[in-house]
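Labels below follow one simple rule: chain letters A, B, ... track the order of the sequence lines, proteins then strands, and each chain is numbered from 1. Any value given below was found using the heavy atoms of this structure, including those in side chains, with hydrogens, waters and symmetry copies removed.
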Number of protein chains: 2
Amino acid sequence: MDEGLIAAVRRFNRTVTQRVGALDDEYMNRGRPLAQSRLLWEIGPDGAEVAALRTRLGLDSGYLSRLLRTLEGDGLVSVGPAVGDGRVRVAALTDAGRAEWVELDERSDEFARSLLEPLTERRRERLVAAMAEVERLLVASMVVIEPCPPGDPRARACVRAYAREVAGRFDDGFDPALSRPVRDEELVPPAGVFLLATLNGEPVGCGAVKLHRDAPAEIKRVWVSDAVRGLGLGRRMLDELERHAAERGWTAVRLDTNRHLIEAIALYRSAGYREVEAFNDEPYAHHWFCKPVAP
Amino acid sequence: MDEGLIAAVRRFNRTVTQRVGALDDEYMNRGRPLAQSRLLWEIGPDGAEVAALRTRLGLDSGYLSRLLRTLEGDGLVSVGPAVGDGRVRVAALTDAGRAEWVELDERSDEFARSLLEPLTERRRERLVAAMAEVERLLVASMVVIEPCPPGDPRARACVRAYAREVAGRFDDGFDPALSRPVRDEELVPPAGVFLLATLNGEPVGCGAVKLHRDAPAEIKRVWVSDAVRGLGLGRRMLDELERHAAERGWTAVRLDTNRHLIEAIALYRSAGYREVEAFNDEPYAHHWFCKPVAP
DNA sequence: CCATATACCTGACTTTAGTCAGGTATTGGT
DNA sequence: ACCAATACCTGACTAAAGTCAGGTATATGG
């Protein structure tokens, strides 16, 4: 990889990431330890489940509990059981906590304003556009693709999003009952694998491969959320699925797709897939592709 | 200011600044407390004065001393007196320290690479370009303009850079001895003021105003370093100088300039200056400008 | 040569952050 | 009704970060 690009990224990390990050923290901080402010902020006016806070802030369970007790002691937060499940606890801001939250929100605004303030209108817009570009492209590095049980709620959410999307694009909707079924067991090793793509813990894409006996592996349910489209994630997902199939000894993968999924078709072609005769009777399919793979 | 722009900056701070910043820290960190790693890094292969480290890292004097003792104890750093001044101490890396520094350097590279890795060549270039744009525009918010004694070494450095630059642009060089002299005392309150622009402590620009008795205030030595040109810093410097004059009761400021300083002339015009008859016999001047000011 | 300023160091703290090994209450399956 | 799993909490720590009030050695200006 080009040394110049790496040097540029490092310079950016140093000047922007470290310095602006530290300043932002300082603004957040005021009187209260940073971790408390951050937590208070993260709870937000609508409240939040403790588990959600834990993953979003990446805190130890015990540590988070303690922080919540402190905020409760200061009368800023109240923690109670969730309605559906008594084990789950929900943190909500009290009136005082809400006031404090508004204060933090204003500080944060103030800091953002201080960055834009010395610039002319034109430069402000250029800055914001460049920030959006950086943010978007960095997302690609933040997405993690890993195996996940197909029964996991996040996996289910992805599959539902997938079904919803194709339903909107196929000629006459999409009824999963009419499509060739995929049972969960078929997507669990050694029969197959389900991969989940997550961004900061949130599901943003999925893909699966069924390892048929005495037949090429079959790729299913490749889906990428709108939020992260255009970042090469679909390609990465395909690569991973192919890798899994190849590592387990399969020498070819194949898949079927609908004529309306034109970006997907373009992706398959550019990824080395060749169109072949129909190898199944999937009612929603118009194209069938195959690609040889090697470990 | 537009709410949308502020929201975009906040999102950037959150996702890029905080998250990438934290990841970068994690890479830096390894076995040793972060503060030590940072310090070791900052000392660098060429060594550094303790005072410089203190300002660059923004650490308490006592804390920094202790960190240095720890690194010394680990055989990574040696601290000795500076050659010119025995009070000043210089930290340098030992062989072991240098090896450790290389390790940190490689980690840092590795992290930068991990951000670029999942992107295609084209996207990598776009990311780096956007990063450079963000960095450059944020610099404008980081520059601090404040009064400074004209005898300060940083002020002297700016004035020298100014002289060097005009010498290269005027028809037949620039000999300060031929120009109308400016004595230091004239740029110290209440006779006048010298403003220094700094970026993270490094001088990047200057400007001065002489508050003549019974005459308009006179602006001198407005200079902006190449490194930060095109960010509106010259305009900010002019504004500050005018403000100083106005606050002390002057109702007009004026200045002279050379015909080769075309960007400067454009700046003066766009800032509301009107060309006037020569009001002095400065041999290097071709244009004289004046502007009314009010507090 | 002396007073004063500079540049750094030391000791004695406090605060914040973070970890880990047990707990208790609730739920869901059998 | 009972057992395992889940979701969170408590107690008892350690480590890292940061602060502050004095120190000591070196320079500088009269």
| field | For atom CD of A:Q36 and atom C1' of C:dG18, their distance in whole Å | value | 14 Å

| request: With the side chain of A:L59 defined as its heavy atoms from C-beta on, choose the nearest nucleotide among C:dG18, D:dT10, C:dC9. | output: C:dG18

| query | So, does B:R98 use its side chain to make a donor-acceptor pair with the main chain of B:L93 at under 3.5 Å? | reply | yes

| field | Distance in angstrom units between B:L67 CG and D:dA15 P, rounded | value | 16 Å

| remark: To the nearest angstrom, the CG-C1' distance between B:L68 and C:dT10 comes to 14 Å

| remark: Assert: residue with more 5' nearest nucleotide on DNA chain D, out of B:P33 and B:D85, is B:P33

| message | Judged by each residue's nearest nucleotide on DNA chain D, which is more toward the 5′ side, A:V79 or A:R87? | response | A:R87

| query | In terms of the angle between their ring planes, are A:W41 and A:W101 parallel, tilted or perpendicular, with boundaries placed at 30° and 60°? | reply | parallel

| request: Provide, to the nearest angstrom, the distance between the CZ atom belonging to A:R69 and the C1' atom belonging to C:dT16. | output: 19 Å

| Please give, in whole Å, the distance from D:dA17 C1' to B:L71 CG? | 15 Å

| said: Using a strict threshold of under 4.0 Å (side-chain N to carboxylate O), is an ion pair present between B:R19 and B:E26? | reply: no

| task | Would you mind telling me which of C:dC8, D:dC9, D:dA17 lies closest to the side-chain atoms of B:R89? | result | C:dC8

| said: So if I take every side-chain heavy atom of B:Y63 and compare against D:dT19, C:dC8, D:dC8, which nucleotide ends up nearest? | reply: D:dT19

| To the nearest Å, how far apart are B:E26 CD and D:dA16 P? | 15 Å

| Should B:R66 and B:D60 count as an ion pair when the cut-off is N to O under 4.0 Å? | no

| task | Could you state the atom-to-atom distance from CZ of A:R32 to C1' of C:dA17 in whole Å? | result | 17 Å

| query | Is the phosphate of D:dC9, meaning OP1 or OP2, less than 4.0 Å from a side-chain N or O of A:R66? | reply | no

| Nucleotide D:dC9, atom C1' - distance to CG of A:L53 in whole Å | 15 Å

| What nucleic acid atoms does A:L64 come within less than 4.0 Å of, heavy atoms only: base, sugar-phosphate, or nothing? | nothing

| said: As a test of reading the structure: which of C:dC8, C:dA17, D:dT19 is closest to the side chain of B:D60, going by heavy atoms? | reply: D:dT19

| field | Charged N-O contact under 4.0 Å between B:R32 and B:D74 | value | yes

| note | Judged by nearest nucleotide, the residue sitting upstream toward the 5' end of DNA chain C, A:G86 or A:G62, is A:G62

